Amino acid sequence: MNLFADIRALVLSDLAAMTQAGVLPSGLATDNVTVEPPRDAAHGDMATNAAMVLAKPAGMKPRDIAEVLAARLMEDARVVSAEVAGPGFLNLKLAPVVWQGVVASVLETGTDYGRSTMGQGKTVNVEYVSANPTGPLHVGHTRGAVFGDALASLLDFAGYEVTREYYINDGGAQVDVLARSVYLRYLEAHGQEVAFPDGTYPGDYLIAVGEALKAKVGDVYVGQSEDVWLEDIRDFATDAMMKLIEADLASLGVKMDRFFSEKSLYDTGLIEAALADLRDKGLIYEGVLEPPKGKKPDDWEPREQTLFRSTEHGDDVDRPVMKSDGSWTYFAPDIAYHYDKVQRGYDALIDIFGADHGGYVKRMKAAVSALSGGTVPLDIKLTQLVKLFKNGEPFKMSKRAGTFVTLRDVVEQVGPGVTRFHMLTRKNDAPLDFDFDKVLEQSRDNPVFYVQYAFARVTSVLNKATEAGVAVDDATLAAANLNLLDHEAELALAAKLAEWPRLIETAARTNEPHRVAFYLYDLAGAFHGLWNRGNDLSELRFLQDDPKVSQAKIALARACAVVIAAGLGILGVEPAKELR
RNA sequence: GGACCGUUAGCUCAGCUGGAUAGAGCGCUGCCCUCCGAAGGCAGAGGCCAGAGGUUCGAAUCCUCUACGGUCCGCCA
C-alpha cells in the first residue's frame, strides 16, 4: 500500500472523468502529474501539480482546471479539503481515518510494509567489494561492502531479484606476488631467515598461510625454483585469502551469492568470445593511440595495439585490450566478465567501485552498451574515501607503522551495526568522516544511536503495558479502535509512516540506500518529538488509564518500531530492544 | 591538456521526476528538569544554494561557461 500512489490514482481518475465530461481535451499526457508531501506542512497533507502540468497542453488557466478538480476530489471520503494555492497547486487535506488506516496497515503487514513491486521481478546483478585477493579488507573496502550490500537489500525490497556478486582478481600479476610472499613465509615456517624485498607483501597475515602450506606439502618446495611451485602456491594462497575475505565480510554481515573468478575467464575462452562479439560488431581494430595531452609520460612511444572502439559508445578515447606483446590488458577480462553477466540474462547491472577507479566508468559502460546492444543498463556507483578520526583527531593510516586499519579492526571496535549504519549516513559519492569515538556516542547528533533509541523506547512502552495487563501483540493493536488516535501530533507521525513506501521507490530508483538511513533518522526524530510533547501534555503519552486508549496510542508507537525495524533490516542493522 | 565527482547556514551535511517562504544536527542566544527512559526539552537568530548566462508558468535541481577542491588519465593491478 502506497498512500501517495493511491491518491495519485484518484487524481488521475478524476482527470479522466473531466475529459469524459468535456472539461478537458482528450489525449493529455498525465505522466508528469505528481502527488507528493508539501514542503510546508501548513499547506496540507499532499499537493498535486496536475493543474499546472496540464494547463499548457489543455490551453486553459491552471486555476480553472484546479477548481474543477478540487470539487471532484472532495467527493472522495478520504479528502477533507482541496484548496487551490500559489500558481495552481492543489493542496489536499486528508481525513484522520486515512492516517489511522496507515497505522493499521503497518501492523497488519509488519516489516513487509513498504515492500514494492516496482522491480517487477527484474533481475539485477550488484557487483561490489571485488578487492584483490592479496590480504584482509581495509576500511575503504568496508564502505563499498556496506553500500553494495544495503543497495542489494533495498532493490530486493523494491521487488527486484538481486544477485550479490564479487569479482576475484586472481588472474593478474598481483597473485604471483602473493604466491612469492607466501613462499617466503613457507620458508620461514621451515626455520629459514627471510627478507621481504620490495614488490612482496610483508603482512603478518601471511604467516599462518605459510604454516598451513608447510602442513600440507611438507618440505617439497624448499629450495625449488619458482616454476616448480608458483602455480600451486598461487592457488593455495588465493584460496586462503578468499577465505579470509569471506570471513571479514561475514563479520560485517555481508554474504555474497556468487564469487566470480577472473582466472576462470582464461580457461573457458570467454575473453576470446567477448572480443569476437565486439569484433563482429566492428568495434575492434589495430591502431596507435595518441599520447595523453598535457601530461606526457617520459617513456612514451607510439605502439600498435589491439583497440576497442569504445568511443562509439560514449568513451573519450579508444581503449587497448591487448598489449603490444600480445597478452591481454586488464581491461580484456573485465570486458569478458561483463559479457558473461550480459549472457546470463540480467535486466540490469550495477558495479560499485572506489572513487579511485572513476576513470574506468566510461569504458565499462561503453563495453556493456556494445556487448548488449544497448539493452542492458549498467549503473556504476563510486564510493568516496573514508576519513578516520579518533576523538576528533585525524587518524593517519600507515602500513609501515602498523596503524593500518582493517575492516576487522573497525567491526571489532564499534560493532557491525554501528559500522554499517554510519557508513550510510553520507551519500556514496561524498567523503565520509568516521570517528571511532563519536559513532559510539549516545546523543542526538549520532543517528545510529538516535534511531536505536526510538526503537528501544517503544520496546519499553510495550513492556510497561504488558506489566499493566494491556494486550499489545500486533494483531490486537491492529484491531484496536484507532479512531481514538485523533490528535494532530499523532496523525502527523502516522503521516510520516505513510512516506515509507514512497521513499523506498525513490531510493531504489536512484540506487541510493543512504536515503533509508536519513529517513529513519527523520522518523526517529518525529517519534521522539511526540514523546517529548507527552512530557508536557499527558494526553499524548502512550500509556493511558483507559486500556482502549492505550492500545490505540501504542499501536502508533509499535508501527514506528516496525518501520524502523524494516529500514534497519535493509541497512543490515539489528534493532536494539534496549540500550545501556 | 582532458575526463569524472563535489561546492547549500559559522561547522558537518540532507534536499524526491524541476514546484510554493531551501531543511536537519552541531555551535550560538534565551527559557525549561517532581513528567511513559532528561542518554534532555522548547523557542530564536543565522542563506545571493560558488559565480555568470540560458531553458520555462517555475531552477539548489536541467544545459553552457568560469572559479575553487578531490580523484583519475597508453601496455600497471
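A, B, ... follow the sequence lines: proteins, then strands. Residue 1 opens every chain. Every value quoted in this text rests on a predicted model; they were computed, and no experiment measured them.
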S.K.: With hydrogens left out and only the distance checked, is there a donor-acceptor pair under 3.5 Å joining Thr329(A)'s side chain and the base of C75(B)?
M.R.: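 In this structure, the two groups form no donor-acceptor pair.
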
S.K.: Starting at CZ of Arg533(A) and ending at P of C32(B), how long is that distance when rounded to a whole Å?
M.R.: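 Atom-to-atom, Arg533(A) to C32(B), this comes out as 21 Å.
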
S.K.: For Asp316(A), report the nucleic acid contact type (base, sugar-phosphate, nothing); a contact means any heavy atom under 4.0 Å.
M.R.: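 Counting heavy atoms under 4.0 Å across all strands, the contact made by Asp316(A) is with sugar-phosphate only.
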
S.K.: If I take atom CG in residue Asp536(A) and atom C1' in nucleotide G41(B), what distance separates them, rounded to the nearest angstrom?
M.R.: 8 Å

S.K.: Judged by atom type as modelled, is there a donor-acceptor pair below 3.5 Å linking the side chain of Ser116(A) to the main-chain atoms of Met118(A)?
M.R.: yes

S.K.: Classify Ala47(A) by what it touches in the nucleic acid, base, sugar-phosphate, or nothing, heavy-atom distance under 4.0 Å.
M.R.: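 Ala47(A): base contact, heavy atoms under 4.0 Å.
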
S.K.: Taking OP1 and OP2 of G6(B), is either one under 4.0 Å from a side-chain nitrogen or oxygen of Lys427(A)?
M.R.: no

S.K.: Select from Phe542(A) and Lys387(A) the residue whose nearest nucleotide in RNA chain B is closer to the 5' end of that strand.
M.R.: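 Counting from the 5' end, the first nearest nucleotide belongs to Lys387(A).
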
S.K.: Over all strands shown, is Arg457(A) touching base, sugar-phosphate only, or nothing at heavy-atom distances under 4.0 angstrom?
M.R.: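 Touches sugar-phosphate only.
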
S.K.: Using the C1' atom as the reference point in each nucleotide, state the distance between A14(B) and U8(B) in Å, no decimals.
M.R.: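 Straight-line distance between the two C1' atoms is 10 Å.
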
S.K.: Apply salt bridge (Lys or Arg N to Asp or Glu O under 4.0 Å) to the pair Arg234(A) and Asp176(A), showing each step before the final yes or no.
M.R.: CA-CA 6 Å; Arg234(A) 192 172 54 204; Asp176(A) 289 344; 2.8 Å; yes

S.K.: Work out how far the P atom of C5(B) is from that of G10(B), and round it to whole angstrom.
M.R.: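 My reading of the P atoms in C5(B) and G10(B) gives 28 Å.
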
S.K.: Please work out if Asn535(A) contacts a base, only the sugar-phosphate, or nothing of the nucleic acid, heavy-atom cut-off 4.0 Å.
M.R.: base

S.K.: Quick one: do Glu286(A) and Arg309(A) satisfy salt bridge (Lys or Arg N to Asp or Glu O under 4.0 Å)? Show the steps, please.
M.R.: CA-CA 10 Å; Glu286(A) 304 297 318; Arg309(A) 205 181 295 280; over 6 Å; no

S.K.: C13(B) base to Arg426(A) side chain: any donor-acceptor pair below 3.5 Å?
M.R.: no

S.K.: In whole Å, I'd like the distance from the CG atom of Leu556(A) to the C1' atom of C36(B).
M.R.: 14 Å

S.K.: Please report the distance separating the P of C4(B) from the corresponding atom of U64(B), rounded so that it comes out in whole Å.
M.R.: 10 Å

S.K.: So what's G46(B) paired with, Watson-Crick or G-U wobble, going by both distances under 3.5 Å?
M.R.: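 For G46(B), the partner nucleotide comes out as none, under the 3.5 Å rule.
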
S.K.: Please report, rounded to the nearest Å, how far the P atom of G15(B) is from the CG atom of Asp522(A).
M.R.: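 For the pair Asp522(A) CG and G15(B) P, the rounded distance is 12 Å.
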
S.K.: Consider the side chain of Ala85(A), meaning its heavy atoms from C-beta on, and name the nucleotide among A3(B), C75(B), A20(B) that approaches it most closely.
M.R.: A20(B)

S.K.: Tell me yes or no: between the side chains of Thr238(A) and Asp170(A), is some donor less than 3.5 Å from an acceptor?
M.R.: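 No, Asp170(A) and Thr238(A) have no side-chain donor paired with an acceptor closer than 3.5 Å.
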
S.K.: Measuring only the P atom in each nucleotide, how far is G54(B) from C26(B)? A whole number of Å is fine.
M.R.: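 The same atom, P, in both gives a distance of 41 Å.
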
S.K.: Return yes if a side-chain donor-acceptor contact under 3.5 Å exists between Gln305(A) and Ser324(A), otherwise no.
M.R.: no

S.K.: Counting the atoms with a prime plus P, OP1 and OP2 as sugar-phosphate, which does Phe89(A) contact under 4.0 Å by heavy atoms, base, sugar-phosphate, or nothing?
M.R.: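 Since a base atom lies under 4.0 Å of Phe89(A), the category is base.
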
S.K.: For Tyr285(A) and Asp318(A), test the side chains for any donor-to-acceptor distance below 3.5 angstrom and give the result as yes or no.
M.R.: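 Tyr285(A) vs Asp318(A): donor-acceptor pair found between side chains.
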
S.K.: Should the pair Tyr166(A) and Phe259(A) be assigned to parallel (<30°), tilted (30 to 60°) or perpendicular (>60°) ring geometry?
M.R.: tilted

S.K.: Does a donor on one side chain sit under 3.5 Å from an acceptor on the other, for Tyr360(A) and Asp334(A)?
M.R.: no

S.K.: Expressed in whole Å, how much space separates the P atoms belonging to U71(B) and C13(B)?
M.R.: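 Result for the P pair: 16 Å, nearest Å.
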
S.K.: Take the protein atom CG of Leu382(A) and the nucleotide atom P of U71(B), then report the distance between them rounded to whole Å.
M.R.: 14 Å

S.K.: Taking a pair as Watson-Crick or G-U wobble with both distances under 3.5 Å, which nucleotide is matched to G18(B)?
M.R.: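 Partner of G18(B): none.
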
S.K.: Counting side-chain heavy atoms from CB outward, which of A38(B), G74(B), C72(B) is closest to Pro320(A)?
M.R.: G74(B)

S.K.: Are any of His528(A)'s side-chain N or O atoms less than 4.0 Å away from OP1 or OP2 of C42(B)?
M.R.: no

S.K.: Using OP1 and OP2 only, check whether a side-chain N or O of Arg515(A) sits under 4.0 Å from G15(B).
M.R.: yes

S.K.: May Tyr521(A) be described as stacking on the base of A24(B), applying a 5.5 Å centroid limit and a 30° limit on plane angle?
M.R.: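 Stacking is absent between A24(B) and Tyr521(A), given that the ring centres and planes do not meet under 5.5 Å and under 30°.
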
S.K.: Taking N and O atoms by type only, does the side chain of Asn91(A) place a donor or acceptor under 3.5 Å from a partner on the base of A20(B)?
M.R.: yes

S.K.: Will you find, in the side chains of Ser327(A) and Asp325(A), an N or O donor that is under 3.5 Å from an N or O acceptor?
M.R.: yes

S.K.: Would you say the base of C26(B) and the side-chain of Tyr450(A) have a donor-acceptor pair closer than 3.5 Å?
M.R.: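 Per atom types, no contact qualifies.
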
S.K.: Using a cut-off of less than 4.0 Å, is there contact between a side-chain N or O of Lys438(A) and OP1 or OP2 of C26(B)?
M.R.: no

S.K.: Can you tell me the base-pairing partner of G40(B)? Count Watson-Crick or G-U wobble geometry only, both distances below 3.5 Å, and say none if there is no partner.
M.R.: C32(B)

S.K.: Identify whether any heavy atom of Leu543(A) sits under 4.0 Å from a base atom; if not, whether one sits that close to sugar-phosphate; answer base, sugar-phosphate or nothing.
M.R.: base

S.K.: Of the options C13(B), C36(B), C75(B), whose atoms approach the side-chain atoms of Phe518(A) most closely?
M.R.: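 Minimum distance to the Phe518(A) side chain belongs to C13(B).
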
S.K.: Taking only the C1' atom of each, what is the distance from U61(B) to A45(B) in whole angstrom?
M.R.: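 About 28 Å, rounded to a whole number of Å.
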
S.K.: Quote, to the nearest angstrom, the P distance that separates A20(B) from C16(B).
M.R.: 11 Å

S.K.: Would you please confirm or rule out a distance under 4.0 Å between OP1 or OP2 of A38(B) and any side-chain N or O of Trp531(A)?
M.R.: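 Yes, because at least one side-chain N or O of Trp531(A) sits under 4.0 Å from OP1 or OP2 of A38(B).
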
S.K.: Under a 3.5 Å limit for both distances, which nucleotide forms a Watson-Crick or G-U wobble pair with G53(B), could you say?
M.R.: C63(B)

S.K.: Any donor-acceptor pair, under 3.5 Å, between the side chain of Arg502(A) and the base of C16(B), if you only look at N and O atoms?
M.R.: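 Yes, the side chain and the base share a sub-3.5 Å donor-acceptor pair.
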
S.K.: How close or far is atom C1' of G74(B) from atom OH of Tyr360(A), stated in whole angstroms?
M.R.: 11 Å

S.K.: What's Ser460(A) touching, base or sugar-phosphate or nothing? Going by heavy atoms closer than 4.0 Å.
M.R.: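 If one applies the 4.0 Å heavy-atom cut-off, Ser460(A) turns out to touch a base.
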
S.K.: What integer number of Å spans the C1' atoms of A52(B) and G46(B)?
M.R.: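 Comparing C1' positions in A52(B) and G46(B) gives a spacing of 27 Å.
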
S.K.: Would you mind classifying the nucleic acid contact of His357(A) as base, sugar-phosphate or nothing, using non-hydrogen atoms under 4.0 angstrom?
M.R.: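 Base: the residue His357(A), judged by heavy atoms under 4.0 Å, touches a nucleobase.
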
S.K.: Go through C35(B), C75(B), U56(B) for me and flag the one nearest to the Lys56(A) side chain.
M.R.: U56(B)

S.K.: Mind checking whether Tyr453(A) and Phe449(A) have parallel, tilted or perpendicular rings, split at 30° and 60°?
M.R.: parallel

S.K.: Expressed in angstrom and rounded to an integer, what is the separation of Asp545(A) atom CG from C35(B) atom C1'?
M.R.: 15 Å

S.K.: Could you tell me how far apart Asn49(A) (CG) and C16(B) (P) are, to the nearest whole angstrom?
M.R.: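 That distance rounds to 15 Å.
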
S.K.: Partner of U12(B) by Watson-Crick or G-U wobble geometry, both contacts under 3.5 Å, or none?
M.R.: A24(B)

S.K.: What's the closest nucleotide to the Asp429(A) side chain, out of A38(B), G6(B), C16(B)?
M.R.: G6(B)

S.K.: Strictly by Watson-Crick or wobble contacts shorter than 3.5 Å, is anything paired with C68(B), and which nucleotide is it?
M.R.: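 With both distances under 3.5 Å, C68(B) matches G6(B).
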
